[in-house]
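All of these numbers come straight from a predicted model, not from anything done at the bench. Values below: every heavy atom of this structure, side chains too, minus hydrogens, waters and symmetry copies. Chain identifiers are assigned alphabetically (A, B, ...) following the order of the sequence lines, protein sequences preceding nucleic acid strands; residue numbering begins at 1 within each chain.
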Amino acid sequence: MVESERLKVLGKGPRREGPVAYWMSRDQRVDDNWSLAAAQEMALARKAPLAVLFCLVPAYKGASRESFAFMLGGLIETARELARRKIPLVFLRGDPAVEIPRWVGEGAVSVLFCDFDPLREKKRWQEAVASKIGIPLFEIDGHNVVPCRFASPKQEYAAYTFRPKMKRLLPRFLKEIPSVERHPFRWPDEKEGERSLKVLAESLALLPAPQAALGPPGALAARSRLARFLDEGLARYDERRNDPNGEGQSGLSPYLHFGQISAQRVAFEVSRADVADEAKEAFLEELVVRRELADNFCLHNDAYDRFEGFPDWARKTLDDHRGDERPFLYDLPALEAARTGDPLWNAAQRQMVLRGRMQGWLRMYWAKKILEWSPSPEEALERAVGLNDRYELDGRDPNGYAGIAWSLGGVHDRAWPERPVFGKVRYMNLAGARRKFDVDAFCRSIPPFE
DNA sequence: ATCGGCTCGCGCAA
DNA sequence: TGCGCGAAGCCGAT
């Protein structure tokens, strides 16, 4: 039974007979998917067929072809899993605001479910779809462990204001998730799913061959990554996560971003793991508190990727320092090609481009240096967001926008001693990195661009 | 190696 | 209204 806390009615319409559909976007999995479970629950109650829709938006936010390949690889697995349960995955391409209503109308669908997503493009698509389809549109938040709208009704000032709310609510959401069963009511067009699978495979064939450095996509790969982390990484997570040398982090971020694994599943397994409480707390702090704080930030702050989204004190202090001399200025091509005077920054940039992921602590350092080396905060923000969205497998995600806003604009942070360019925004430098870990070993470990 | 100061504002206690 | 405290820090003093 899906909790009402996960549900928001985005569109209303008359109750009528007909198939049920789920417009999958951010949660691209079959297992542990509350939206899909809710859709099936309703379809079973109505003795109606069920289909899952996915609408691919070409060139979405400048994502790299490797990111698309990672997503499509996961979607093919999802399509096969759905087929085993006699549920077609219908694969559309184009503008969701056009394609979803068209398909819903042609199929005489009676109810549509969708995922929760706080980003503006997704909200606009959902609004457009809701206004066009004339049937109920139900949003289900199965991406967050504690549903975002329920966790807090406003933008949280910092982690310390959000953490107690999460701590209080988390236990009631750490539980088993209903599985999706073989659907007894057949979709009218039996070939629909097969045709989509073919289109998916063709789309994937046009993209670059999967690179081993990026890691394998899909729900199965995500589960085995989780199993390995529970086995080998979790116990020492607290001491190793901030060292870019080695495998201290879980490596789950790309899977979580595409919803190839459920955060609730990860949190549930971690909470039951046989390790010290400190290790669990440290990981759940990242997975739940920080990750879901990012959704909170984007949902309640329309300017989540703009200067105007920074807190007053940070905007003021950055304004005060606009005229400061910037001794090292790089243009975007120099940054993109990892040709700056900072070997650590260059290595971090290469790690992102070559592997589609950057170690967590380095992401902060990386973004702050872009502020230091850009003519204005606005330019820095645009560059950081653009590079992150393009090259990170987990780019185009609230976590990226919140992380960059933390680094450049003091979001969820506090004021620090005033200095050039940064003003009172927290500063980081290479000396600090050297204090924390072996910088040279890290730089050597990332190969140069050829 | 360790420590205090730097600095802002939220949220709670009073 | 006062007070404690906070994602990953820096820097200089001891």
Identify whether the distance between the nearest side-chain nitrogen and carboxylate oxygen of D32(A) and R265(A) falls below 4.0 Å.
-> yes
Kindly indicate whether the side chain of T317(A), heavy atoms from C-beta on, has any atom under 4.5 Å from the side chain of E418(A).
-> yes
R315(A) NZ/CZ over W313(A) ring centroid, <6.0 Å and within 45° of normal | no
Measure from the side chain of E286(A), starting at C-beta and using heavy atoms only, and say which of dC8(B), dA8(C), dC10(C) lies closest.
-> dA8(C)
Identify which nucleotide among dA8(C), dC10(B), dC6(B) has an atom closest to any side-chain atom of P417(A), counting heavy atoms from C-beta outward.
-> dC6(B)
P gap between dT7(B) and dG12(C), integer Å = 15 Å
When the P atoms of dG9(C) and dC10(B) are considered, how many whole Å apart are they?
-> 24 Å
What is the nucleic acid contact for Y427(A), judged by heavy atoms within less than 4.0 Å: base, sugar-phosphate only, or nothing?
-> sugar-phosphate
Distance from Q359(A) atom CD to M364(A) atom CE, nearest 0.5 Å?
-> 9.5 Å
E372(A) atom CD is separated from dG9(C) atom P, nearest whole Å, by 16 Å
Applying side chain to side chain contact (heavy atoms under 4.5 Å, CB included) between Y22(A) and each of L89(A), L112(A), N33(A), report the one that passes.
-> N33(A)
Rounded P spacing from dA7(C) to dT2(B) in Å | 23 Å
Rounded to whole angstrom units, what separation is found between the NZ atom of K424(A) and the P atom of dG5(B)?
-> 18 Å
To the nearest angstrom, the CZ-C1' distance between R163(A) and dA7(C) comes to 8 Å
Rounded distance in Å - CD (Q359(A)) to P (dA8(C)) = 15 Å
Looking at F268(A), does the NZ or CZ of R272(A) lie under 6.0 angstrom from its six-membered ring centre and within 45 degrees of the ring axis?
-> yes
Side chain of E156(A) only, please: which of dG11(B), dA8(C), dC10(C) is the nearest?
-> dG11(B)
Rounded interatomic separation in angstrom, taking CZ from F297(A) and C1' from dA7(C) = 15 Å
So what does R419(A) touch, heavy atoms closer than 4.0 Å: a base, only the sugar-phosphate, or nothing?
-> sugar-phosphate
When rounded to whole Å, the OH to P distance for the pair Y365(A) and dA7(C) reads 23 Å
Nucleotide nearest R426(A) when distance is taken to its side chain, options dG6(C), dC10(C), dA8(C) | dA8(C)
So does N429(A) get a side-chain nitrogen or oxygen closer than 4.0 Å to the phosphate oxygens (OP1/OP2) of dC10(C)?
-> yes
Base, sugar-phosphate alone, or nothing: which one does W416(A) contact when heavy atoms must sit under 4.0 Å apart?
-> base
Report the distance from atom CD of E418(A) to atom P of dC11(C), rounded to the nearest whole Å.
-> 15 Å
Which is true for A159(A) with a 4.0 Å heavy-atom rule: it touches a base, it touches only sugar-phosphate, or it touches nothing?
-> sugar-phosphate
Partner nucleotide of dC12(B) by Watson-Crick or wobble geometry (both distances under 3.5 Å) = dG2(C)
Have a look at K165(A) and say if it touches a base, only the backbone sugar-phosphate, or nothing, with a 4.0 Å heavy-atom cut-off.
-> nothing
Do any side-chain nitrogens or oxygens of K436(A) fall under 4.0 Å of OP1 or OP2 in dG9(C)?
-> yes
Counting any heavy atom closer than 4.0 Å, what does M428(A) reach on the DNA or RNA strands: base, sugar-phosphate only, or nothing?
-> sugar-phosphate
Nearest-angstrom distance from the residue atom CZ of R435(A) to C1' of dC10(C) | 6 Å
Pairing partner of dT7(B) (Watson-Crick or G-U wobble, both distances under 3.5 Å) | none
